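Here is the structure we will look at.
These figures come from a predicted structure and were not determined experimentally.
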Amino acid sequence: MALIFLAAALVASCQYFDKPVPDKDELLGKELDAINWKEVDVFPSVAACDSVQDRVMQRQCFLDFLVSTIQEKLNADTVNVNYPDLDTIEVKVTIFPDSHVEFEPKLTDSLVYGKAKIDSILQLRLADFPKVKPALKRDIPVKTQFVLPVVLDVKK
């Protein structure tokens with residue numbers, strides 16, 4: 001009797017193994033569609049902001065650090081002397097997966113002629129920029145870019 005019951009159970013359980021195997025391309029497509037490619041999982045950071053736990057506050061800490069460090073380094077230079085009417089520079093900051101940081105001034109049409117000079121000052125002053133940890137997307141370092149308004153200390 002137990003043998004008949006065991007045989008019936010085995011026959012009935014076989015239908016649970018007949019489920020179709022999902023297609024790998026279909027699974028990959030669903031996973032790629034579920035990823036938000038416009039946002040990173042972990043924002044870039046510097047050592048000064050590592051202790052901040054809140055995601056929004058950590059982002060703000062990082063952006064504040066970038067702006068204040070760029071301002072500090074540029075205020076000690078000739079940008080104010082050569083361009084006395086320039087009080088704000090928009091700087092495009094690119095952080096690469098290898099922690100390399102690049103800076104590019106985004107200038108108005110009236111200052112395009114001085115872009116090369118301002119860019120060279122920017123590169124010279126920011127060459128020793130502190131180490132930045134890159135952003136992470138699914139635990140993989142990714143490239144991120146920001147355009148930050150940097151207010152210069154104008155002394156007239």
Worksheet item: So, for Pro134 and Pro97, which heavy atoms are closest and what is the spacing to 0.1 Å?
Response: CG-O, 3.3 Å
Fill in: With sequence neighbours excluded, residues passing salt bridge (charged side-chain N to carboxylate O under 4.0 Å, His left out) with Asp54
none
Worksheet item: Shortest non-hydrogen contact from Val46 to Lys131?
Response: CG1-O, 3.7 Å
Fill in: Single-linkage hydrophobic cluster, 4.5 Å side-chain cutoff, Phe146 and Ile89 together
yes
Practice prompt. With rounding to the nearest 0.5 Å, note down the distance linking CD1 in Ile95 to NE2 in His100.
Written response: 11.0 Å
Item to complete: Find out if a path of hydrophobic residues (ILVMFWY) with successive side-chain heavy-atom gaps under 4.5 Å connects Val142 to Leu136.
Response: no
Worksheet entry | Test log, rule side chain to side chain contact (heavy atoms under 4.5 Å, CB included), inputs Phe62 and Val52 | CA-CA 10 Å; Phe62 175 71; Val52 179; over 6 Å; no
Worksheet item: Pro130 pairs by side-chain contact (heavy atoms from CB on, under 4.5 Å) with which of Val101, Thr69, Leu66?
Response: Thr69
Worksheet item: Given the rule in the side chain to side chain contact (heavy atoms under 4.5 Å, CB included) test, do Phe43 and Gln58 qualify, once you have shown the distances and angles that lead to the verdict?
Response: CA-CA 8 Å; Phe43 209 71; Gln58 187 177 36; 5.5 Å; no
Discussion item. Which heavy atom of Ser45 sits nearest to which heavy atom of Cys49, and what is that distance?
Written reply: OG-CB, 3.9 Å
Discussion item. Nearest 0.5 Å, please: how far is CG in Leu28 from CG in Asp33?
Written reply: 9.5 Å
Worksheet item: Rounded to the nearest 0.5 Å, what separation is found between the CD atom of Glu90 and the CD atom of Glu104?
Response: 11.5 Å
Fill in: Spacing of OG1 belonging to Thr144 relative to NZ belonging to Lys137, to within rounding of 0.5 Å
12.5 Å
Worksheet item: Leu63, Phe129: one ILVMFWY side-chain cluster at the under-4.5 Å cut-off?
Response: yes
Worksheet entry | Gap separating the NZ atom of Lys106 from the CG atom of Leu148, nearest 0.5 angstrom | 12.5 Å
Discussion item. Within the structure provided, determine whether Asp128 and Lys73 are in side-chain contact (heavy-atom separation under 4.5 Å).
Written reply: yes
Fill in: Whether Ser68 side chain and Phe65 backbone form a donor-acceptor pair below 3.5 Å
yes
Practice prompt. Could you check Lys133 against Val42 for side chain to side chain contact (heavy atoms under 4.5 Å, CB included), going step by step and ending with a plain yes or no?
Written response: CA-CA 10 Å; Lys133 296 175 195 165; Val42 177; over 6 Å; no
Discussion item. Working to the nearest 0.5 angstrom, can you tell me the gap between Arg55 CZ and Asp41 CG?
Written reply: 7.0 Å
Worksheet item: If every non-hydrogen atom of Pro44 is compared with every non-hydrogen atom of Val132, which pair is closest and at what distance?
Response: CB-CG1, 4.3 Å
Worksheet item: Hey, is the main chain of Ile70 close enough, under 3.5 Å, to the side chain of Arg125 for a donor-acceptor pair?
Response: no
Worksheet item: Is there side-chain contact between Asp98 and Pro141, with heavy atoms separated by less than 4.5 Å?
Response: no
